[in-house]
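Read through the structure below, which is laid out as structure tokens, and then see the notes.
Reminder, nothing fancy here: chain letters follow the sequence lines and each chain counts from 1.
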Amino acid sequence: DAKTTQPPSMDCAEGRAANLPCNHSTISGNEYVYWYRQIHSQGPQYIIHGLKNNETNEMASLIITEDRKSSTLILPHATLRDTAVYYCIVSLMNTDKLIFGTGTRLQVFP
Amino acid sequence: DGGITQSPKYLFRKEGQNVTLSCEQNLNHDAMYWYRQDPGQGLRLIYYSQIVNDFQKGDIAEGYSVSREKKESFPLTVTSAQKNPTAFYLCASSIGEMAGANVLTFGAGSRLTVL
């Protein structure tokens with residue numbers, strides 16, 4: 001599986017958009033980009049995933065560059081409850097396992 | 001509501017004792033997983049099971065054992081052979097089919113402390 005690179009930490013003001021970047025320069029054509037988040041001392045929560053096209057759901061938007069070497073998770077209006085560690089994972093659709101790195105710790109401040 | 005239940009939430013044990021962590025799901029998911037998380041680290045896969053009566057080792061299976069006798073249950077035993085068992089243990093499940101294979105639902109976790 002391809003590896004990802006994320007900044008270790010980011011800050012965001014409440015009500016503003018949080019843009020979390022992820023680099024995956026060695027991604028292969030059939031690998032998807034998945035995003036999960038983990039609020040302190042809880043289990044991770046699935047957010048969104050995509051292959052080529054941009055995706056949006058009730059939680060977030062996922063923007064994938066045309067060359068697929070990087071992506072951005074967008075939380076359009078961050079709240080204090082969005083403070084968490086966000087994991088970007090690249091994986092085949094039918095893989096047996098997901099590999100979680102250390103992620104980005106997002107701190108939303110008032 | 002459907003979900004995954006892990007128990008106990010907190011567990012203290014003496015060194016050398018085996019410990020079994022429970023994981024039950026009512027999501028009718030085929031696949032189940034056990035991950036370990038150490039402070040400030042990502043998740044590492046211990047064992048996973050795609051169907052009943054079958055399971056595979058993950059990246060750090062040494063010192064752990066599992067069983068999958070029922071679809072809804074995937075208990076993890078931390079044996080005395082595990083050298084550093086103190087950690088946060090997370091159980092997860094997924095549909096297992098291609099479309100949803102990597103959309104995991106996690107439990108709330110079990111925090112094991114070995115004294």
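- Using a 4.5 Å cut-off between heavy atoms, A:Y32 does not touch chain B at all.
- A:Y36 approaches B:L104 most closely through the heavy-atom pair OH-N, 2.7 Å.
- In this structure, A:F100 has its ring center under 6.0 Å from that of B:Y35.
- Considering only heavy-atom pairs separated by less than 4.5 Å from chain B, the leading option among A:P44, A:G43, A:G101 is A:P44.
- Both A:L106 and A:W35 sit in one connected hydrophobic cluster of ILVMFWY residues. Membership requires side-chain heavy atoms under 4.5 Å apart, directly or through other members.
- In the hydrophobic clustering of this structure, B:W34 groups with B:I60; members are Ile, Leu, Val, Met, Phe, Trp, Tyr whose side-chain heavy atoms approach within less than 4.5 Å, directly or through other members.
- Residues A:L62 and A:Y86 share a hydrophobic cluster, clusters being chains of Ile/Leu/Val/Met/Phe/Trp/Tyr side chains in contact below 4.5 Å.
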Under 3.5 Å, which donor-acceptor pairs link side chains of residues 81-92 of chain B to any protein atom two or more places apart or in another chain?
| residue | atom | partner | partner atom | Å |
| --- | --- | --- | --- | --- |
| B:Q82 | OE1 | B:R36 | NH1 | 3.4 |
| B:Q82 | OE1 | B:N84 | N | 3.1 |
| B:Q82 | NE2 | B:E62 | O | 2.9 |
| B:T86 | OG1 | B:V114 | N | 2.9 |
| B:Y89 | OH | B:Y64 | OH | 2.9 |
| B:Y89 | OH | B:P85 | O | 2.7 |

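- Within the 4.5 angstrom heavy-atom criterion, no atom of B:R44 approaches chain A.
- Counting all heavy atoms, side chain and backbone alike, A:Y87 lies closest to B:L43 at OH-CD1, 3.9 Å.
- Hydrophobic clustering of Ile, Leu, Val, Met, Phe, Trp and Tyr side chains at less than 4.5 Å, counting indirect connections, keeps B:I51 apart from B:I95.
- Of the two parts of B:Q37, only the side chain, counted from C-beta on, holds a non-hydrogen atom closer than 4.5 Å to a non-hydrogen atom of chain A.
- The distance from atom CZ of B:F106 to atom CD of A:Q38, rounded to the nearest 0.5 Å, is 8.0 Å.
- Residues A:V108 and A:M10 fall within the same hydrophobic cluster, defined by Ile, Leu, Val, Met, Phe, Trp and Tyr side chains chained together at heavy-atom separations under 4.5 Å.
- Chain A is approached within less than 4.5 Å, heavy atom to heavy atom, by no residue from residues 66-76 of chain B.
- Against chain B, no residue from residues 64-73 of chain A qualifies, as none has a non-hydrogen atom under 4.5 angstrom away.
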Listed pairs under 3.5 Å, donor-acceptor, residues 9-21 of chain B side chains, sequence neighbours left out:
| residue | atom | partner | partner atom | Å |
| --- | --- | --- | --- | --- |
| B:Q17 | OE1 | B:K14 | N | 3.2 |
| B:N18 | OD1 | B:S80 | N | 2.9 |
| B:T20 | OG1 | B:T77 | OG1 | 2.9 |

